[in-house]
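What follows is a short report on a single structure.
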Amino acid sequence: MLYDTRAREISKFIPIKNNQVSIYLCGPTVQSSPHIGHVRSAVNFDILRRWLNELGYKVSLVRNVTDIDDKILNKAVVEKLEWFELAYKYEREFTNAYQLLNVLPPTYEPRATGHITQMIELMEKLIENCKAYAPGNGDVYLSVRSLDSYLTLSRQNIDDLQSAADADDRFKKDVRDFALWKGAKPGEPSWPTPWGPGRPGWHLECSAMAFAYLGESFDIHGGGLDLIFPHHENEIAQSEAAGYGFAKRWMHNAWVTQSGEKMSKSLGNTMQVTELIKQVRPIELRWYLGSAHYRSMLEFSPNALQESAVAFTRLENFLNRAKEILENISDNQLSAEFSSAMNNDLAVPEAIATIYEDLRLGNVALQESNKTELQIRANAIRSALRILGVDPFTATKSDARNQETLSGLVKLAIAERKAARERKDFVTSDEIRDKLANLGITIEDTPNGVRWIQN
RNA sequence: GGUCGGAUGGCCGAGAGGCGAGGCUCGGGACUGCAAAUCCCGCUACACGGGUUCAAAUCCCGUUCCGACCUCCA
């Protein structure tokens, strides 16, 4: 069961092709550094993708990069970079952020500028269908009143729209018509077309690339809530006017807010991914971003982020403890409760509640040395964390090697402390513990011996 | 003005007619040289006013407050 923005209801998800799911996700316009609003979207859809995979579907996910647009051109002037240099710089930042947060790479990641040919073909088709026109100034416009389905996603009435105060309607047949293509201006990059040199409008790339990689119809189109209008509405207009079925289902993630407001430029700096991973580990940031329901606003505060990180550490600690006792912890033994929550429009908060129940019972099993029960709970938790993209046991090789070294050093200190405690020299033993604590290592004396945790 | 969403306990965050999700914080207890960890018990709710119903946080009507989008390219 998944929600569909267009129908405004949750319904059973049935893919067009058996066992295959095609998803088009609106990726970033690479004009600034990624902030957590951007990556929340990526994390939400990554969880969707992992879950569909888990259900046995082969998922094709295309996430575009819009690397030409007004903002990029303006920003390039400000930063004194070539527009493509700027776009590529930020594209790399996005890629890094995705990797850091363990977002699976898309099946393909097409760039707008690489698909000019497909855009021209689409425009030719639209003009042929009498849905678009080129008034001769180099622009190409879509005639929105020629479409029955226009504004059915956002449910607005075309006459109720406020027209932009600064709209240029000299060439438009209707002020609401939007530019598929923009005629070249001096100093701007351009590509040749039958209507003169120019560059893509904002919406055309998505229709062209979705068609190129997913065909006339595909299962799910995703993106942020703020893209519903005009971006997605215009995509629908372009694609349906060309005669394509386009997206069968629309999914939109809500944003990260601060004091109830959508993130804006003034907040942008502190909300950047590179800043936040100085406060918590990337895996904790991902846990935080994924923990709210994808259609709910996530009210950000540094405190909430910290608390979320602490909560995640509890899960991690449990798995580490379990690992000391069990030979192997499976990442493929989900509980029925977790699965049923996920099947209900990705009810992650409910799914997480089931994880905590497993955690409680797992800890009890740990205390009672009930290995069978421990195995069940540990399997369920690790499997669930894997689906959410935060399996603590998937570490890189360099991590593993450093971990070995660290482990050896800490064990030396623990041996010293143990000797001190055996001669009741608690001053020394506490000093060792405090010093380790200052380095971020917590010591626990348990009935089964001493354990340590890196904070 | 149009369209859409929201208001839940100290904080975060689910639920959508009937046994008060969950997490963090806080209080009490068990355990412990002390701590930590863990477990057990407990506290604080559904913006406001009406209505429907045996029963409303949930449905209906109204009100208040908050937020988003309304097409860049003059």
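Order of the sequence lines fixes the chain letters, A, B, ..., with proteins taken first and strands second; residue numbering starts at 1 for each chain.
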Short heteroatom pairs, N/O only, protein and nucleotides 2-5 of chain B, under 3.5 Å:
from : atom 1 : to     : atom 2 : distance (Å)
B:G2 : O2'    : A:D160 : OD2    : 3.2
B:G2 : N2     : A:Q156 : OE1    : 3.0
B:U3 : O2'    : A:S154 : O      : 2.7

Between N or O atoms, less than 3.5 Å apart, protein on one side and nucleotides 21-23 of chain B on the other: list the pairs.
from  : atom 1 : to     : atom 2 : distance (Å)
B:G23 : O3'    : A:R314 : NH1    : 3.3

Inset, instruction - Assess whether side-chain contact (heavy atoms from CB on, under 4.5 Å) is satisfied between A:R286 and A:I47, documenting all intermediate values. - result: CA-CA 11 Å; A:R286 171 161 179 143; A:I47 291 172; 3.7 Å; yes
Inset, instruction - Determine, stepwise, if the pair A:R386 / A:F393 fulfils side-chain contact (heavy atoms from CB on, under 4.5 Å). - result: CA-CA 9 Å; A:R386 194 197 94 231; A:F393 295 149; over 6 Å; no
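In this structure, A:N363 and A:F318 approach most closely via the heavy-atom pair OD1-CD1, 3.5 Å. In this structure, A:H232 and A:C26 approach most closely via the heavy-atom pair CE1-SG, 3.2 Å. Across A:Q333 and A:S383, no two heavy atoms sit closer than the pair N-OG, 2.7 Å. The nearest pair of heavy atoms linking A:F45 to A:G223 is CZ-N, 3.5 Å. A:G138 approaches A:W181 most closely through the heavy-atom pair O-CD1, 3.6 Å. Taking every heavy atom of both residues into account, A:L326 and A:K371 meet most closely at CD2-CG, 3.8 Å.
Between A:I325 atom CD1 and B:A37 atom C1' there is a gap of 14 Å when expressed in whole angstrom units. Rounded to whole angstrom, the span from the CG atom of A:L227 across to the C1' atom of B:U71 amounts to 13 Å. Note: CD (A:E299) to C1' (B:C24) measures 16 Å, nearest angstrom. The nearest whole Å value for the distance from the CG atom in A:L142 to the P atom in B:C72 is 15 Å. As rounded to whole Å, 14 Å separates atom P of B:C24 from atom CD of A:E284. With rounding to whole Å, A:N303 atom CG is found 14 Å from B:C26 atom C1'. In this structure, NE2 of A:H293 is placed 11 Å from P of B:G6, rounded to the nearest angstrom. Counting to the nearest Å, the C1' atom of B:G13 and the CG atom of A:L298 are 9 Å from each other.
Side chains of A:D67 and A:Y90: no donor on one and acceptor on the other come within 3.5 Å. Judged by distance alone, the side chains of A:W51 and A:N343 do bring a donor and an acceptor atom under 3.5 Å apart. A donor-acceptor contact under 3.5 angstrom links the side chains of A:Y141 and A:D139, judged on distance only. Using modelled atom types and a 3.5 Å distance limit, the side chains of A:S11 and A:E9 yield no donor-acceptor pair. Looking only at atom types and distance, the side chain of A:E240 has a donor-acceptor partner in the side chain of A:S149 under 3.5 Å away. Side-chain atoms of A:N253 and A:S41 include a donor-acceptor pair closer than 3.5 Å.
Under 4.0 Å is where a charged nitrogen must lie from a carboxylate oxygen, and between A:R377 and A:E373 at least one such pair does.
If you check every strand for non-hydrogen atoms under 4.0 Å, A:D430 touches a base. Base contact: A:A179 has a heavy atom under 4.0 Å from a base atom. Within 4.0 Å of A:R417, counting heavy atoms only, lies at least one base atom of the nucleic acid. Here A:Y150 lies in heavy-atom contact (under 4.0 Å) with a base. Contact annotation for A:N234: base contact, defined as any heavy-atom pair under 4.0 Å involving a base atom.
Taking the P atom of each, B:A56 and B:G51 are spaced 12 Å apart, rounded to whole Å. Annotation: B:C46 and B:A21 have their P atoms spaced 13 Å apart (nearest Å). B:U52 and B:G29: their C1' atoms are spaced 47 Å apart (whole Å). Spacing between B:C69 and B:C61 at atom C1', rounded to whole Å, works out to 27 Å. Here the separation of B:G6 from B:G42, taken at their C1' atoms, is 32 Å to the nearest Å. Of the P atoms belonging to B:G22 and B:G15, the separation is 14 Å, rounded to the nearest Å. Between the P atoms of B:A37 and B:G27, the separation comes to 14 Å (whole Å). B:C43 sits 15 Å from B:C11 when the C1' atoms are compared, rounded to a whole Å.
For residues 199-210 of chain A, the set of pairs meeting the side-chain hydrogen bond (donor to acceptor under 3.5 Å, both in side chains) definition, not counting sequence neighbours, comprises A:T66-A:E205, A:D70-A:R199, A:E188-A:R199, A:H203-A:H231, A:H203-A:N234, A:S207-A:Q238, A:S207-A:S239.
B:U53 makes up no base pair with any nucleotide shown, lacking Watson-Crick or G-U wobble contacts both under 3.5 Å. Base pairing of B:C43: no nucleotide in any strand meets the Watson-Crick or G-U wobble criterion (both distances under 3.5 Å). The nucleotide B:C19 finds no pairing partner, because no Watson-Crick or G-U wobble arrangement with both distances shorter than 3.5 Å includes it. For B:G1, the paired base is B:C70 (Watson-Crick or G-U wobble, both distances below 3.5 Å). For B:C65, the paired base is B:G6 (Watson-Crick or G-U wobble, both distances below 3.5 Å).
No donor-acceptor contact under 3.5 Å links the side chain of A:D159 to the base of B:G1. Residue side chain A:D445 does not reach the base of B:U32 through any donor-acceptor N/O pair under 3.5 Å, judged by distance alone.
Between A:H221 and A:F246, a ring centre-to-centre spacing shorter than 6.0 Å is recorded.
Against RNA chain B, the stretch residues 180-190 of chain A makes heavy-atom approaches under 4.0 Å through A:K182, A:K185. Of the residues in residues 192-211 of chain A, not one comes within less than 4.0 Å of RNA chain B through any heavy atom. Listed in residue order, the members of residues 432-444 of chain A having a heavy atom less than 4.0 Å from RNA chain B are A:R433, A:T442, A:I443, A:E444.
A:R295 forms a cation-pi arrangement with A:Y3, by the criterion of a distance under 6.0 Å to the ring centre and an angle within 45° of the ring axis.
More than 12 heavy atoms of other residues, nucleotides or ligands lie within 6.0 Å of NZ in A:K89, so this atom counts as buried by the packing criterion. Other residues, nucleotides and ligands place no more than 12 heavy atoms under 6.0 Å from the CG atom of A:D148.
Here A:N363 reaches the OP1 or OP2 of B:C39: one of its side-chain N or O atoms lies under 4.0 Å away. In this structure, A:S296 does not reach the B:G6 phosphate: none of its side-chain N or O atoms is under 4.0 Å from OP1 or OP2.
Judged by ring centres under 5.5 Å apart and planes tilted less than 30 degrees, A:F426 stacks against the six-membered base ring of B:G33.
Heavy-atom distances to RNA chain B give each of A:A347 and A:D226 a nearest nucleotide, and the one nearer the 5′ end belongs to A:A347. Each of A:R451 and A:Y294 lies near RNA chain B, and the nucleotide nearest A:Y294 is the one positioned closer to the 5' end.
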